[in-house]
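Presented below is the structure to which this report refers.
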Amino acid sequence: MDLRIEKTENAIRNAFIQLRAKKALEKITIKELCEAALIHKSTFYSHYRDIYDLSDTMETEVVKNITGSIPLASLNTASLSQVTRELTYGFVAQSSLINILFSGNERSRLAYRIEESLKEIIFEKYPGYKNDLRWNIVLSYCIQGAYWAFQGSRGQDVNEVIAVISELTERVQPLC
């Protein structure tokens, strides 16, 4: 990538993160973002359609970083506890960005995006499970449960939280 393009991208993203940490997504204007990034509006629009496109791009990267941290060998029907363990470690690794990008009204979007992404990966590897209602419900339950349990346990010992989430998943897994 051209160094100037990379520098501009970094400026836009850093300015967005700074603004997003202080404001709701819908309150951020292109004008203030461009002022903070020290770029012209036309430069912003050559990279993104609007502020929502920028946010979506950054959210997608967070989701890919989290789901990409799960070893493909773990993505099988016999190891949902390993999947939720790795998933929760991914939440920890991305917690700063998660807290900024998925705050306020956007808070529940991460869990749904993670679920969608993981199901896509798993169904590509195991297409027979795509139409298995029971397995889909258990998988959704484990992914959503891991996310919300992690969010609700902030300030607690991370390793203990992850151990409990993994244990719960082991207990639920026989249902599928």
Between CD on residue Glu124 and NZ on residue Lys130, distance to nearest 0.5 Å: 10.5 Å
Are Arg134 and Asp132 ion-paired here, with the side-chain N under 4.0 Å from a carboxylate O? no
Nearest 0.5 Å, what's the CG-CD distance between Asp2 and Glu6? 9.0 Å
Output side-chain donor-acceptor pairs under 3.5 Å for residues 26-41, partner residues at least two apart or in another chain, one line each.
from	atom 1	to	atom 2	distance (Å)
Thr29	OG1	Glu32	N	3.1
Glu32	OE1	Lys23	NZ	2.8
Glu32	OE2	Lys23	NZ	2.9
Glu32	OE2	Thr29	N	2.9

Hey, could you give me the OG/CD distance between Ser79 and Gln173, rounded to the nearest 0.5 Å? 7.0 Å
Is the side chain of Asn65 donor-acceptor paired with the backbone N or O of Gly90 at a distance under 3.5 Å, no angle test? no
Nearest 0.5 Å please: distance from the CD1 atom of Ile122 over to the CD1 atom of Ile143. 6.0 Å
Who pairs with Phe102 by ring-ring contact (aromatic ring centres under 6.0 Å, His included), at least two apart in sequence or on another chain? none
Do any pairs count as a salt bridge (charged side-chain N to carboxylate O under 4.0 Å, His left out) and have a residue in residues 104-115, sequence neighbours left out, and if so which ones? Asp56-Arg109, Asp56-Arg113, Glu59-Arg109, Glu59-Arg113, Glu106-Arg109, Glu115-Lys119
Do Ile5 and His47 have side chains that get closer than 4.5 Å, going by heavy atoms? yes
Quick check: do Tyr147 and Ile114 have side-chain heavy atoms less than 4.5 Å from each other? no
Go through the steps to decide whether Tyr129 and Phe123 satisfy the test ring-ring contact (aromatic ring centres under 6.0 Å, His included), and finish with yes or no. CA-CA 6 Å; Tyr129 286 99; Phe123 295 152; 8.0 Å; no
Donor-acceptor contact below 3.5 Å, side chain Ser69 vs main chain Ile66: yes
For Phe44, check ring-ring contact (aromatic ring centres under 6.0 Å, His included) against everything at least two apart and list the hits. Tyr48
Any chance you could measure Ile100, atom CD1, to Leu25, atom CG, to the nearest 0.5 Å? 13.0 Å
Can you give the donor-acceptor pairs under 3.5 Å from side chains of residues 162-171 to other protein atoms, not counting sequence neighbours?
from	atom 1	to	atom 2	distance (Å)
Ser166	OG	Arg85	NH2	2.6
Glu167	OE2	Arg171	NE	3.4
Glu167	OE2	Arg171	NH2	2.8
Thr169	OG1	Thr84	OG1	3.1
Thr169	OG1	Ile165	O	2.9

If you apply the rule side chain to side chain contact (heavy atoms under 4.5 Å, CB included), what do you find for Ile17 with Leu97, and how did you get there? CA-CA 8 Å; Ile17 289 169; Leu97 275 176; 3.6 Å; yes
How far apart are the C-alpha atoms of Arg13 and Thr57, what are their side-chain angles, what is the distance that settles it, and do they pass the side-chain hydrogen bond (donor to acceptor under 3.5 Å, both in side chains) test? CA-CA 10 Å; Arg13 289 164 180 253; Thr57 299; 5.7 Å; no
Establish whether Val63 and Trp148 are linked, either directly or via other cluster members, by ILVMFWY side-chain heavy-atom contacts under 4.5 Å. yes
Is any side-chain heavy atom of Glu61 less than 4.5 Å from a side-chain heavy atom of Leu101? no
Beyond-backbone contact of Cys142 with Val83, side-chain heavy atoms, under 4.5 angstrom: no
Listed by chain and number, what are the salt bridge (charged side-chain N to carboxylate O under 4.0 Å, His left out) partners of Asp53, not counting sequence neighbours? Arg49
Minimum side-chain heavy-atom gap Glu116-Tyr112 below 4.5 Å: no
Beyond-backbone contact of Phe16 with Ile51, side-chain heavy atoms, under 4.5 angstrom: yes
For the pair Ser46 (side chain) and Thr43 (backbone), establish whether a donor and an acceptor sit closer than 3.5 Å, ignoring hydrogens and angles. yes
To the nearest 0.5 Å, atom CZ of Phe91 lies from atom CD of Gln151 at 7.5 Å
Following the transitive rule for hydrophobic clusters with a side-chain heavy-atom cut-off under 4.5 Å over Ile, Leu, Val, Met, Phe, Trp and Tyr, establish whether Leu54 and Tyr52 coincide in one cluster. yes
Is there a donor in the side chain of Glu86 and an acceptor in the side chain of Gln82, or the other way round, less than 3.5 Å apart? yes
Test item: Glu160 and Ser153 side chains (from C-beta on) under 4.5 Å apart, heavy atoms: no
So, Ser95 side chain and Val92 main chain: donor-acceptor pair closer than 3.5 Å or not? yes
Taking the side chain as everything from C-beta on, heavy atoms only, tell me whether Ile70 gets closer than 4.5 Å to Leu118. yes
